[in-house]
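One structure is given below, encoded as structure tokens.
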Amino acid sequence: QVQLVESGGGLVQPGGSLRLTCAASGSIFNVYTMYWYRQAPGKQRELVAGISSGGRVNYSDSVKGRFTISRDDAKNTVYLQMNSLKPEDTAVYYCNALTIWGQGTLVTVSS
């Protein structure tokens, strides 16, 4: 069974950048569409970005042009490069594939 482990969160000032990493254990990672979600305090979990096994990407309107999702199937890893971060990007970010979720990594954008 595939397990997902996120890393790379932290505290960053507005306008800064972070790169999140989701490492997957288990086989057949390269056939999964991978997603990043986030959940801010008091809000519902929302889709941030997705990348198919063929590399097709999609983004929520709130992050389009600022975030970039990518994957390295040789390393069983998916990334989320986040630039021009805003305080409203503060959330726990989760990696997802099918019904599998990671534990999340906290991103805090604050001065």
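Counting from 1, the numbers follow the sequence of the chain as shown.
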side-chain contact (heavy atoms from CB on, under 4.5 Å) partner of Val78, the single match among Asn96, Asp72, Ile51: Ile51
Cationic tip of Arg71 above Tyr79 ring, under 6.0 Å, 45° of axis: no
Residue pair Ser84 / Ser17: nearest heavy atoms and the distance that separates them: N-OG, 4.4 Å
From Thr21 atom OG1 to Arg19 atom CZ, the distance as rounded to the nearest 0.5 Å: 5.0 Å
Same apolar cluster (I L V M F W Y, side chains within < 4.5 Å links), Ile69/Phe67: yes
Interatomic distance, Tyr37 atom OH to Ser60 atom OG [nearest 0.5 angstrom]: 11.0 Å
Hydrophobic cluster membership, Met82 vs Val92, 4.5 Å side-chain cutoff: no
For a quick test of your reading: what N or O donor-acceptor pairs under 3.5 Å do the side chains of residues 99-111 make, sequence neighbours left out?
| residue | atom | partner | partner atom | Å |
| --- | --- | --- | --- | --- |
| Gln103 | NE2 | Glu6 | O | 3.1 |
| Thr105 | OG1 | Gly9 | N | 3.1 |

Closest approach of Val2 to Ala24 (non-hydrogen atoms, all atoms of both residues): CG1-CB, 4.1 Å
Distance (rounded to the nearest 0.5 Å) between Ser53 OG and Met34 CE: 11.5 Å
Which atom of Tyr59 lies closest to which atom of Ala49, heavy atoms considered: CD2-CB, 3.6 Å
Arg38 NZ/CZ over Tyr94 ring centroid, <6.0 Å and within 45° of normal: no
Connected via hydrophobic side-chain network under 4.5 Å: Val48 and Val5: no
N-O pairing of Asp89 and Lys86 below 4.0 Å: no
Gln44 atom CD: more than 12 heavy-atom contacts under 6.0 Å: no
Distance in Å, Ser25 OG paired with Asn76 CG, rounded so as to fall on 0.5 Å steps: 8.5 Å
Salt-bridge present (Asp73, Lys75; N to O < 4.0 Å): no
Leu18-Leu11 co-clustered via ILVMFWY side chain contacts under 4.5 Å: no
Shared hydrophobic cluster, Trp36 / Tyr32 (ILVMFWY, side-chain heavy atoms < 4.5 Å): yes
